[in-house]
Amino acid sequence: DNFSKSKLAHQFTNGSSKEQFELIPQLINMGNTGWEILIDFLKLSNIDNIDLVQGEVFRELYQVKMPETELFIQEYFPNGLAPLDSQVNINYKSLSKLLLEQNFQEADTLTRKILLELAGESALQRKWVYFTEVANFPVMDLNTINTLWWLYSGGKFGFSVQRKLWLSAGKDFNTLWRKIGWKKGNHWTRYPKEFTWNLSAPNGHLPLLNQLRGARVADSIFSHSVWSEKNW
Ligand code: UYC
């Protein structure tokens, strides 16, 4: 009834983020009433500074795929929760969709293609990014790509996650590769079969950067101005 609905809504809105994370699956399983509470929560949220609770609510509602939830998404967030800003007219809708659907392998391939586009015509032809091209990647675009990965993986994936682990490893790449599951002992994880394409992966596992030509591209991405400018 309406009384218990408003009680639940109140409990959700005023809960700690830990309580909110626990309540999300319960509300989703309740059906219509629970979905309405989560929809109202997103409608009233400040999404200028999106957080992981909002991301989780959106991702769960996205996966319900019922008329009530689809209508809300179509009307309020047809491109997803995260803004798809680009300084160079790249359309990030496909990346947003793949990540929302938790299709991390295709999202990873698409991300590499986007990095080639950001690097320019010669990179597109050689099919790999040269490290000096990275500094010219627009802040806005790297921020969009990273927000999508981070938000729709519950904070597990994204260059910013890798960068933090890299910093905490004293910028030692060998330590980083082991932390993020790119190397085990002296064995490089083999592309694509040996990587983990779901959320059971270690933090920072995705997106991939091929290290065949060394770690300088990774170094350049982690040293890009976006991370301090956008407070990652
Ligand atoms: N591969 O081993 N990788 C490729 C990774 C290395 C190699 C693509 C990541 C080590 C070759 C991606 C790791 C290595 C090719 C990745 C990894 C190696 C290739 C697709 C753990 C040998 C094919 C790129 C660090 C010891 C030729 C794309 C080529 C492809 C990723 C070999 C994403 C994270 C050092 C021979 N590897 N790669 O765009 O040039 O299709 O792509 O990193």
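Just follow the structure's listing: the first ligand is 1, and inside any ligand the first atom is 1.
The nearest heavy-atom contact from the protein to atom 11 (C) of ligand 1 is Leu212 CD2, 3.7 Å. Among protein heavy atoms, atom 40 (O) of ligand 1 sits closest to Arg213 NH2, 3.2 Å. With hydrogens left out, the protein atom closest to atom 26 (C) of ligand 1 is Trp188 CD1, 3.3 Å, a heavy atom. For atom 6 (C) of ligand 1, the closest non-hydrogen atom of the protein is Asn210 OD1, 3.5 Å. In this structure, atom 20 (C) of ligand 1 lies nearest to the protein heavy atom Tyr191 CE2, 3.5 Å.
Set against the non-hydrogen atoms of Arg112, the atoms of ligand 1 under 4.0 Å away are 24 (C), 28 (C), 33 (C), 39 (O). Per-residue contacts place Thr189 under 4.0 angstrom from the following atoms of ligand 1 (heavy atoms of the residue considered): 2 (O), 13 (C), 17 (C), 21 (C). Remark: ligand 1 atoms within the under-4.0 Å shell around heavy atoms of Leu209 are 34 (C).
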Check step by step if side-chain contact (heavy atoms from CB on, under 4.5 Å) holds for Phe131 and Asp219. CA-CA 8 Å; Phe131 76 101; Asp219 195 309; over 6 Å; no
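Classified by interplanar angle (parallel below 30°, tilted 30° to 60°, perpendicular above 60°), the ring pair Trp166/Phe173 is tilted. Classification of the Phe41-Phe12 ring pair by plane angle, with boundaries at 30° and 60°, yields perpendicular. Below 30°, between 30° and 60°, or above 60°: for Trp232 and Trp150 the angle between ring planes is above 60°, a perpendicular geometry.
With no hydrogens or angles considered, a side-chain donor-acceptor pair links Tyr92 and Asp141 at under 3.5 Å. With 3.5 Å as the limit, one finds no donor-acceptor pair spanning the side chains of Thr147 and Lys230.
Contact annotation: for Lys113 versus ligand 1, there are no heavy atoms closer than 4.0 Å. When non-hydrogen atoms are compared, ligand 1 lies under 4.0 Å from the backbone of Gln211 as well as from its side chain. Contact annotation: for Thr109 versus ligand 1, there are no heavy atoms closer than 4.0 Å. Of all the heavy atoms of Trp182, the ones lying under 4.0 Å from any atom of ligand 1 are found in both the backbone and the side chain.
Distances from atom 23 (C) of ligand 1 to the protein include no heavy-atom value under 4.0 Å. Of the protein's heavy atoms, at least one falls inside 4.0 Å of atom 38 (N) of ligand 1.
For NZ of Lys113, the number of neighbouring non-hydrogen atoms (other residues, nucleotides, ligands) closer than 6.0 Å is 12 at most. Atom NZ of Lys193 sits in a sparse spot, with 12 or fewer heavy atoms from other residues, nucleotides or ligands closer than 6.0 Å.
Not a single N or O atom of Lys127, backbone or side chain, sits closer than 3.5 Å to an N or O atom of ligand 1.
A salt bridge does not link Glu194 with Lys184: none of the charged nitrogens is closer than 4.0 Å to a carboxylate oxygen.
The residue among Phe195, Phe173, Trp128 with a heavy atom at the shortest distance from atom 13 (C) of ligand 1 is Phe195.
Linking Ile, Leu, Val, Met, Phe, Trp and Tyr residues whenever their side-chain heavy atoms come within less than 4.5 Å places Tyr76 and Leu81 in a single cluster.
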